**Student:** 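Encoded as structure tokens, here's the structure I'll be asking about.
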Amino acid sequence: MQAIGRQPQRAPDGPPVHYERHRPEQATLYRLVQQHAATFFAQAEDAGCKRRGFCPSCGARRMAQTAAHLVDHVIPRVPVCQWVLSLPIPLRVLLAAQPELVTLVLQVGRRVPVRRRWRA
């Protein structure tokens with residue numbers, strides 16, 4: 001009886017699938033991180049870890065605190081309607097590559113009539 005995993009797997013209607021392990025330890029990025037990680041962490045400790053985007057839980061807490069501040073102290077107590085513009089992924093990629101187009105897309109989005117859905 002052969003051990004599971006020793007027999008080559010086959011693609012549907014094709015030759016056996018060959019798997020070759022990736023070797024991230026040979027990549028430039030891996031070596032750079034390995035060489036400079038200690039320095040980065042030491043500098044982050046010295047700075048008190050109050051950098052934007054470093055800690056996900058700190059970022060989430062900061063986002064919640066900012067939202068609470070806006071609701072309590074900035075946005076007036078009037079009915080507010082929030083609009084969400086959702087775009088297809090290829091268009092998102094285009095806008096990420098050419099940010100100057102974002103204003104044009106938002107201007108078009110403001111002019112398009114929107115069907116409102118109200119939730120109780």
Side-chain angles (χ1 to χ4, degrees):
M1 179 160 135
Q2 289 185 337
I4 297 175
R6 288 191 180 183
Q7 297 176 0
Q9 295 185 358
R10 293 188 173 275
D13 299 327
V17 175
H18 174 72
Y19 173 77
E20 188 171 324
R21 180 185 169 280
H22 291 277
R23 307 220 184 285
E25 64 276 0
Q26 295 176 357
T28 304
L29 178 61
Y30 186 95
R31 289 194 304 267
L32 284 172
V33 170
Q34 189 175 33
Q35 290 171 1
H36 301 288
T39 305
F40 171 75
F41 289 124
Q43 289 176 351
E45 274 301 312
D46 291 343
C49 279
K50 295 195 180 207
R51 302 278 178 193
R52 186 184 300 183
F54 183 71
C55 173
S57 63
C58 294
R61 185 184 70 242
R62 188 178 306 114
M63 181 179 61
Q65 289 172 343
T66 302
H69 170 73
L70 290 173
V71 169
D72 294 341
H73 303 288
V74 177
I75 300 174
R77 297 237 180 245
V78 295
V80 176
C81 185
Q82 177 180 346
W83 300 93
V84 177
L85 177 63
S86 181
L87 302 171
I89 291 176
L91 187 55
R92 294 181 207 173
V93 172
L94 174 68
L95 294 176
Q98 300 179 13
E100 65 276 4
L101 297 177
V102 172
T103 302
L104 297 172
V105 171
L106 290 175
Q107 288 173 351
V108 170
R110 280 187 8 194
R111 283 187 247 134
V112 174
V114 178
R115 181 178 56 177
R116 296 182 183 188
R117 289 188 215 171
W118 299 100
R119 291 189 177 181

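Since this is a predicted model, take the numbers as computed values, not measurements.
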**Student:** Counting only heavy atoms not in L104, do more than 12 fall under 6.0 Å of its CG?
**Tutor:**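 Correct, the count exceeds 12.
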**Student:** Determine, using the 4.5 Å side-chain heavy-atom cutoff (strictly less than), whether L106 and L101 are members of one ILVMFWY cluster.
**Tutor:**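 Yes, L106 connects to L101 through the hydrophobic network.
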**Student:** Do L91 and L94 make a side-chain contact, defined as non-hydrogen atoms from C-beta onward lying under 4.5 Å apart?
**Tutor:**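 A side-chain contact under 4.5 Å exists here.
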**Student:** Kindly give the heavy-atom pair with the smallest separation between R31 and E25, and that separation in Å.
**Tutor:**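 Shortest heavy-atom separation between R31 and E25 comes out as CG-O, 3.9 Å.
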**Student:** Would you be so kind as to tabulate the donor-acceptor pairs closer than 3.5 Å made by side chains of residues 68-76, with sequence neighbours excluded?
**Tutor:**
none

